Amino acid sequence: MYWTEFFIPTNKEIPADAKIPSHQLMIRSGMIKQESSGIYSWLPLGFKVLKKIEKIVREEQEKAGAIEMLMPTLQAVELWKESGRYDGYGKEMLKIIDRHNRFLIYGPTNEEQVTEIFRAFVKSYKNLPLNLFHIQWKFRDEIRPRFGVMRGREFLMKDAYSFDLNEEESKKSYYKMFISYIKIFKRLKINTIPVVADSGEIGGSLSHEFSIITNTGEGQVYCDKRLFDLELDNDDLNNLSDLERAVGNYTQFYSATEDKHNEKIFKEKVPEEFRLKGKAIEVGHIFSFGEKYSSPMKAYITNKEGKNVSVYMGSYGIGVSRLVAAIIEYSHDKKGIIWPNSVTPFHVGIINVQADNKECLKVIQEIKSEFEENNLEVLVDDRDESVGKKYADMDLIGLPYILTIGPRDIKEKKVDVKFRHTDTKENLSIEGAINRITSLAKEKTRS
RNA sequence: CGGAGCGUAGCGCAGCCCGGUAGCGCACCGGUCUGGGGGACCGGGGGUCGUGGGUUCAAAUCCCGCCGCUCCGACCA
């Protein structure tokens, strides 16, 4: 992709309304544009990242046995009255009246909807377990939206819903999702902390939040750093005891939110060098809530004995749009964003020092196609701008590998390579640079 | 929802207190020179001052209503 043929409206000025780094950087790098309080357009660069995160989430959820579908954004309020949540959720629900004077809501979540689908089609224990997920826009009419897409009113969320015959089976589904979440966050290169959580409005007994620690989150979290070094074996875990062991590996370490934190236990359990406390951004939340919805909504299944019983459910959310901001909070410097390879909008940025130098353009085109043959995405800054501006913009939008092509170096078939992650530069041969970056990018994109 | 503040060119702001027909930086357009970290010079374009009303000979400026946005607090992926 050439910069002049794409659309990246960058801005040098820090927008007055944006207070936290991710919000400022997303606006300055032309990823998003605010349309209303808590409502944003996703411009091409932001959209690319959003889609990449979405893809990773989808792949991992499917590996864990969840099946993708799509439910509508608008829901009839009747379902919410049936579950008893209509009053509980209250003003956060955006209500819409259609021309027939029917009340609809822009869904803040989909437990009711999916339960309705389930009860319409599934009648037998033989069809269980089942886990359905979708990635859909939600709307919660927050009292005070803030921090850009971190706490918007409209947001993209992956929500999965599990259906099981009984509590034990349901636990299995829950643990599978727990492990799947660990894998997702690993691929996104963010350290998340699973914290035992209140289940809030969703309700239920077993619940974990997955948070990342940054300077600008909301609410304190305390944890044991050793959590971050844990490795998952890649085997598919299918029986409860294996799953329990894998999850237990994580939950054995101390982690607590402010309200549940116990300084004494913290100090007993966690050696000083592993103690970590900071502000948390919640990026995922999983719940097991049994019959909370299936019972009032009569989502019954027939068990082996021929009896009708309420299905056991759980729900599992990931804030996809929030993750874009969360990753930036986690990975940026004064100059701009630093994307992990797995979600970067382009892997390689190429700066053309002299916009009208034909020889440079030719070399760039060759380098570009070679990267593209290796499935790396390339953005060539071919604008007729000063070099300084091009560097500043490249750093701002956060591409991991930045090549400088200029008349000085191409005579010797060399190129300057900047590694954004380490903020280091090397002068390499063109072939060497291509090989090096290709292997680095692939290695880091996988894992 | 309680408290505070803001709305003037695409962005960041000054002007408002003390009323007299709107300004700065960046961005943008044309040109010349440049080009290895936001380059220089010359020449240009662009604003119903959020909106409705009131006071006044005269309102960006004073008064009232409305709308929008932001910040601090209580709530949420």
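Chain letters run A, B, ... following the sequence lines, proteins first, then strands; residues in each count from 1. These figures come from a predicted structure and were not determined experimentally. Computed over heavy atoms, backbone and side chain alike; hydrogens, waters and symmetry mates excluded.
Taking atom P in both B/rC18 and B/rG25, one finds a spacing of 29 Å when rounded to whole Å. The same atom, P, is picked in B/rG36 and in B/rC49; the two are 44 Å apart, to the nearest Å. Going from the C1' atom of B/rA58 to that of B/rC67 covers 27 Å, rounded to whole Å. Here the separation of B/rC16 from B/rC63, taken at their P atoms, is 14 Å to the nearest Å. Here, B/rA22 and B/rC13 have their C1' atoms 14 Å apart, quoted to the whole Å. For the C1' atom pair drawn from B/rG35 and B/rG23, the interatomic distance equals 33 Å after rounding to whole Å. Spacing of P atoms, B/rC72 relative to B/rG47, comes out at 35 Å, to the nearest Å.
Counting distance only, with no hydrogens placed and no angle test, the side-chain atoms of A/N11 and the base atoms of B/rG10 include no donor-acceptor pair under 3.5 Å. Judged by distance alone with a 3.5 Å cut-off, no donor-acceptor contact links the side chain of A/R28 to the base of B/rG12. For B/rG38, its base never sits under 3.5 Å from the side chain of A/E385 at any donor and acceptor pair. A donor and an acceptor atom sit less than 3.5 Å apart, one in the side chain of A/R151 and one in the base of B/rC76. A donor-acceptor contact under 3.5 Å is not formed by the side chain of A/D17 with the base of B/rG7. At a cut-off of 3.5 angstrom, counting only N and O atoms as typed in the model, there is a donor on one side and an acceptor on the other between the side-chain of A/K425 and the base of B/rG37.
No cation-pi contact links A/K172 to A/Y312, judged by a cut-off of 6.0 Å to the six-membered ring centre and 45° from its axis.
A ring-centre distance under 6.0 Å is not found for A/Y250 and A/Y181.
A residue-by-residue look at A/P145 and A/K12 shows that A/K12 has its nearest nucleotide of RNA chain B further toward the 5' end. Checking A/V387 against A/E35, the closest nucleotide of RNA chain B that is more toward the 5' end is the one next to A/V387.
Phosphate proximity of B/rU70 to A/Q34: present, with a side-chain N or O under 4.0 Å from OP1 or OP2. A/R144 has a side-chain polar atom (N or O) that falls below the 4.0 Å cut-off from OP1 or OP2 of B/rC72. Distances shorter than 4.0 Å separate none of the side-chain N or O atoms of A/S321 from OP1 or OP2 on B/rA77.
Note: A/F6 and A/F346 have perpendicular aromatic rings, judged against thresholds of 30 and 60 degrees for the angle between ring planes. Taking the six-membered ring where the residue is Trp, A/Y316 and A/Y174 present tilted rings, their angle falling between 30° and 60°.
Just one of A/D393, A/T4, A/N352 meets the side-chain hydrogen bond (donor to acceptor under 3.5 Å, both in side chains) condition when paired with A/R383; it is A/D393.
Atom OH in A/Y316 sits about 16 Å away from atom P in B/rA77, given to the nearest Å.
With both pairing distances under 3.5 Å, B/rC28 is matched to B/rG44 as a Watson-Crick or G-U wobble pair.
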